[in-house]
Structures are given as structure tokens and as C-alpha cells.
Trainee: 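First the structure, then my questions, so here it is.
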Amino acid sequence: MSKRICLIIGHGGNDCGAINPHTKETELDYNRDLAVRVEKLLKEQGYIVDIYNRGYAKVENVNYLNKIGYDILVSLHCNAYNGYASGTEVLYWNTSKKGQVLAQALLDSITDVLGLQNRGLKPIKYGDRGAYLLGKTDPVTVLIEPFFIDNDNDFKVGKEKKDEYSEAIVRGINKYFQN
């Protein structure tokens, strides 16, 4: 039986997420394109893949996502802070052992490709960023923050290595399902 995956494009509608202050490129636009690339690669390997975006809703429709029967949800984001912070991190729900395993597989694969600082896994609990999605979904769910979009060097790496980054996500997912 094929595994069912949902790629969630973080942000939506009027909320474009983080923005690079120099190029004005947005997190939402970067991840719209990324999701299509990753979807294609995953489908080539036999996965059943959906792309989801909340659109103008304030948060993801977790009731809808929970009803579909996904094996995993992967939420695509870009980090932002002060223009200098750098690196890759993956968030997961703090009590989800499977979430931790998926997050680690993705983190290892992505940091190998992007070569940015490994900021580690981030176990999320209520009150933290990403808590609504990570804490309310039934499938194993992670949130990827591959680089800081407001750091010009990080964003340059993210754009130049977008194909390799897409492939790294697929490798991380494959590793998770092989365990």
C-alpha cells in the first residue's frame, strides 16, 4: 500500500509569511514552487501526495487534514529573525516519537545538502510557534524551517539549491518510511 503524504504550504491568502527585505521575495511564493517540485519527486516514487494551503483561513483546517488518512504531514516554511540568524531546524510535537524520527531524518538530509548551520530539532508544545498544527493533527506532522529568508546568504543558498533541497526532503521521507 502506498503511503499518503500531505505537503502543507505554510501561510496563505494575505499572509505571505516572512519576506526577504532586499528582494521582497516571500516565504509563501518560495514554498508554493517547492511543494510542486517535491510532489513530483514523491509521486515518481509511488507515494500518494496532496498539496494543501489554508488560503485565507487564519490556520490550517486540522479537522479536514485528520479525516483524509495521511501517513505524514510536512509543513514547508522559511525562518526569519534579525537578518543575521542562520541555519536549518525542524519542528515536531514534543510527545510524538514518530514525529521526532521524521524530523531527524529530514534535518539530517536537508543540512547535508544546504550546508547551513544545524540548529537542531525543536520539540514544540502549546504556546510555541507551530503548536496549533503540530499539536492538533493526528498524522505524524513536522514543520521544516530550512533557512532564514531574511538572511541574504541563507536565502541565496535556498534558491540556488532548491532542486537539491527538494531531493533532500524526499530522501528524508524515504528514510523515515524505511525505519
Side-chain angles (χ1 to χ4, degrees), residues 3-21 24-39 42-43 47-82 85 87-107 110 119-151 154-155 158 162 165-166 169-170 172-173 176:
K3 300 294 185 184
R4 189 156 195 180
I5 300 168
C6 182
L7 302 171
I8 300 172
I9 302 168
H11 304 281
N14 293 328
D15 174 11
C16 65
I19 302 171
N20 180 281
K24 305 303 181 205
E25 292 169 273
T26 71
E27 177 178 0
L28 180 60
D29 285 339
Y30 180 90
N31 286 310
R32 279 183 181 144
D33 176 63
L34 177 71
V36 171
R37 292 175 189 225
V38 174
E39 175 192 38
L42 288 168
K43 283 184 173 181
Y47 291 106
I48 300 167
V49 185
D50 295 324
I51 295 175
Y52 172 87
N53 182 257
R54 70 183 189 221
Y56 287 91
K58 191 170 178 89
V59 294
E60 290 82 6
N61 183 342
V62 294
N63 291 329
Y64 167 79
L65 293 170
N66 286 338
K67 287 179 186 174
I68 301 295
Y70 293 112
D71 292 287
I72 63 171
L73 305 173
V74 178
S75 188
L76 306 171
H77 287 264
C78 300
N79 227 335
Y81 182 59
N82 62 5
T88 303
E89 56 192 37
V90 181
L91 292 62
Y92 68 97
W93 189 247
N94 71 95
T95 59
S96 174
K97 296 300 180 200
K98 289 181 178 181
Q100 184 177 5
V101 171
L102 175 58
Q104 188 67 60
L106 287 164
L107 182 67
I110 295 165
R119 295 172 57 91
L121 299 180
K122 305 297 180 192
I124 301 302
K125 58 187 182 312
Y126 289 112
D128 294 339
R129 66 187 164 132
Y132 182 79
L133 177 67
L134 296 170
K136 299 276 186 188
T137 48
D138 296 333
V140 174
T141 306
V142 297
L143 191 154
I144 302 173
E145 300 274 17
F147 55 81
F148 283 76
I149 196 170
D150 63 340
N151 175 318
D154 268 32
F155 191 38
K162 200 172 205 180
Y165 170 40
S166 300
I169 293 171
V170 173
I173 289 171
Y176 169 75

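In this chain, residues are counted from 1 in sequence order. The structure presented is a predicted model; accordingly, all values stated were derived computationally and were not measured.
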Trainee: Between Tyr30 and Phe147, is the ring centre distance below 6.0 Å?
Mentor: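 Yes, close enough.
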Trainee: Show the nearest heavy-atom pair for residues Cys6 and Leu65, with the distance to one decimal.
Mentor: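 What the structure gives for the nearest pair is SG-CD2, 4.0 Å.
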Trainee: Quick one, Lys122 and Asp128 - any side-chain contact, counting heavy atoms below 4.5 Å?
Mentor: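 Side chain of Lys122 against side chain of Asp128, heavy atoms only: no contact under 4.5 Å found.
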Trainee: Would you mind checking if Asp50 and Arg4 are paired as a salt bridge, meaning a charged N to carboxylate O distance below 4.0 Å?
Mentor: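 Looking at Asp50 together with Arg4, the answer is yes, because their closest N to O distance falls below 4.0 Å.
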Trainee: Would you name the heavy atoms of Tyr132 and Glu60 that are closest together and state the gap between them?
Mentor: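 For Tyr132 and Glu60, the tightest heavy-atom pair comes out as CE2-O, 3.5 Å.
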Trainee: Arg54 and side chain to side chain contact (heavy atoms under 4.5 Å, CB included): which single residue from Asn61, Asp15, Ile9 fits?
Mentor: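 Between Arg54 and the candidates, side chain to side chain contact (heavy atoms under 4.5 Å, CB included) is satisfied uniquely by Asp15.
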Trainee: Taking Asn14 for the side chain and Tyr56 for the main chain, is one N or O donor matched with an acceptor at less than 3.5 Å?
Mentor: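 No.
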Trainee: Say whether, by atom type as modelled, one donor and one acceptor occur between the side chain of Asn20 and the main chain of Ile149 under 3.5 angstrom.
Mentor: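 Yes; judged by distance alone, with no hydrogens or angles, the pair exists.
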Trainee: Treating Glu145 as the side-chain partner and Asn79 as the backbone partner, does any N or O pair qualify as donor plus acceptor under 3.5 Å?
Mentor: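 Yes, Glu145 side chain to Asn79 backbone: donor-acceptor pair under 3.5 Å.
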Trainee: So which atom in Val101 and which in Tyr176 form the shortest heavy-atom distance, rounded to 0.1 Å?
Mentor: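 Val101 and Tyr176 have their closest heavy atoms at CG1-CD1, 3.9 Å.
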Trainee: Working to the nearest 0.5 Å, report the span between CG of Asp150 and OH of Tyr81.
Mentor: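 Asp150 atom CG to Tyr81 atom OH measures 10.5 Å (nearest 0.5 Å).
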Trainee: What is the minimum heavy-atom distance between Leu134 and Thr141, and which atoms define it?
Mentor: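 Looking at all heavy atoms of both residues, the shortest contact is CD2-O, 3.4 Å.
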Trainee: Does Asn66 use its side chain to pair, donor to acceptor, with the backbone of Asn63 at less than 3.5 Å?
Mentor: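 No.
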Trainee: Does a side-chain N-to-carboxylate-O contact under 4.0 Å join Asp33 and Lys162?
Mentor: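 Salt bridge flag = yes for Lys162 with Asp33.
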Trainee: Do Asp29 and Arg32 come within less than 4.5 Å of each other through their side chains, counting heavy atoms only?
Mentor: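 Heavy-atom side-chain distance check passes, below 4.5 Å.
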Trainee: Quiz question: by atom type and distance under 3.5 Å, do the side chains of Tyr47 and Asp71 form a donor-acceptor pair?
Mentor: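 Distance-only check fails for Tyr47 and Asp71.
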Trainee: Would a 4.5 Å heavy-atom cut-off, applied to side chains only, mark Ile72 and Lys3 as touching?
Mentor: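 Ile72 does not reach Lys3 side chain to side chain.
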Trainee: State, yes or no, whether a side-chain contact exists between Leu107 and Thr88 at a heavy-atom distance under 4.5 Å.
Mentor: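 They are in contact (side-chain heavy atoms under 4.5 Å apart), so the answer is yes.
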Trainee: Quick one: does Asn31's side chain get under 4.5 Å of Cys78's, heavy atoms only?
Mentor: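 Yes - at least one pair of side-chain heavy atoms lies under 4.5 Å apart.
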Trainee: Any side-chain heavy-atom pair from Ile144 and Tyr165 closer than 4.5 angstrom?
Mentor: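 Yes. Closest side-chain heavy atoms under 4.5 Å.
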Trainee: If every non-hydrogen atom of Asp154 is compared with every non-hydrogen atom of Ala85, which pair is closest and at what distance?
Mentor: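 Looking at all heavy atoms of both residues, the closest pair is OD2-O, 4.3 Å.
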